[in-house]
Amino acid sequence: MKISVVLLLSVFLPVIKGQAFRWGPWGPCPEPAVQSKFTLCRFFGKWYEIEKLPGFFETGKCTEVSYSLRADRTIAVTLKEYPPREGVPYYTEGTAVVQDANQTAKLGVTFTPSNPYRPYWVLSTDYTTSAVLYSCIDILRIFHVEYAWILGRGRSLPEQTVNASKEILLGSNTDVSRMTWTNQEGC
Ligand SMILES: *[C@@H]1O[C@H](CO)[C@@H](O)[C@H](O)[C@H]1NC(C)=O
Ligand SMILES: *[C@@H]1O[C@H](CO)[C@@H](O)[C@H](O)[C@H]1NC(C)=O
């Protein structure tokens with residue numbers, strides 16, 4: 001297994017930036033089941049972030065993410081969010097690719113072209129209401145760091161949908177109690 005300096009940096013950066021972060025659970029990454037028969041084109045379009053496990057590139061409010069197909073058949077992942085208080089929105093564009101032709105819900109994403117793709121798995125989605133995404137970085141199979149997002153097609157989701165999404169994440173032992181709610185009010 002090859003661990004690049006860039007990958008390590010992307011893992012340690014949250015610590016350096018002093019944001020909410022905790023070493024992931026011990027052991028290698030879990031391998032949760034992903035959405036079967038995933039249809040990428042139905043997933044495209046705009047989603048709003050409802051809850052997340054802290055990620056260093058998302059700290060603002062009114063966070064939304066759009067997926068679209070580029071001419072080279074990679075997927076543009078565009079994040080838009082506002083600073084926690086007031087200000088102008090900022091945008092981050094990343095690239096996602098399907099990493100496993102047999103399980104097309106296993107995407108990989110990078111927000112810095114020189115960085116390797118990291119897992120960006122669609123665990124579940126109905127395409128029209130909600131989606132559960134999961135990412136995990138394995139550190140020498142000793143421990144792992146995980147990220148998770150509950151997305152909605154609207155700026156809010158019914159509580160029971162959020163609960164059901166967390167049940168899915170619990171299947172991979174994700175500590176859903178650490179998930180934080182994204183402010184989608186006054187956007
Ligand atoms: C996809 O699945 C088929 C049948 O199970 C298998 O033969 C093939 O090697 C798999 N391809 C990849 C890229 O894993
Ligand atoms: C959602 O989960 C919370 C925490 O476990 C619980 O208190 C609440 O009743 C649940 N809501 C619904 C609608 O199931």
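Along the sequence shown, residues are numbered consecutively beginning with 1. Counting starts at 1 for both ligands and their atoms, in listed order.
Scanning the protein for heavy atoms near atom 7 (O) of ligand 2, the closest one is Glu159 OE2, 4.8 Å.
Per-atom contact check: atom 2 (O) of ligand 2 touches the protein, criterion being a heavy-atom distance below 4.0 Å.
Classification of the Phe38-Tyr127 ring pair by plane angle, with boundaries at 30° and 60°, yields parallel.
If you check the side chains of Thr174 and Ser172, you find a donor sitting under 3.5 Å from an acceptor. In this structure, a donor-acceptor pair under 3.5 Å is present between the side chains of Glu146 and Tyr134.
Relative to atom 14 (O) of ligand 2, the option among Val162, Asn163, Val176, Thr161 with the closest non-hydrogen atom is Asn163.
For the pair Arg118 and Tyr147, the distance from NZ or CZ to the six-membered ring centre is under 6.0 Å and the angle to the ring normal is within 45 degrees.
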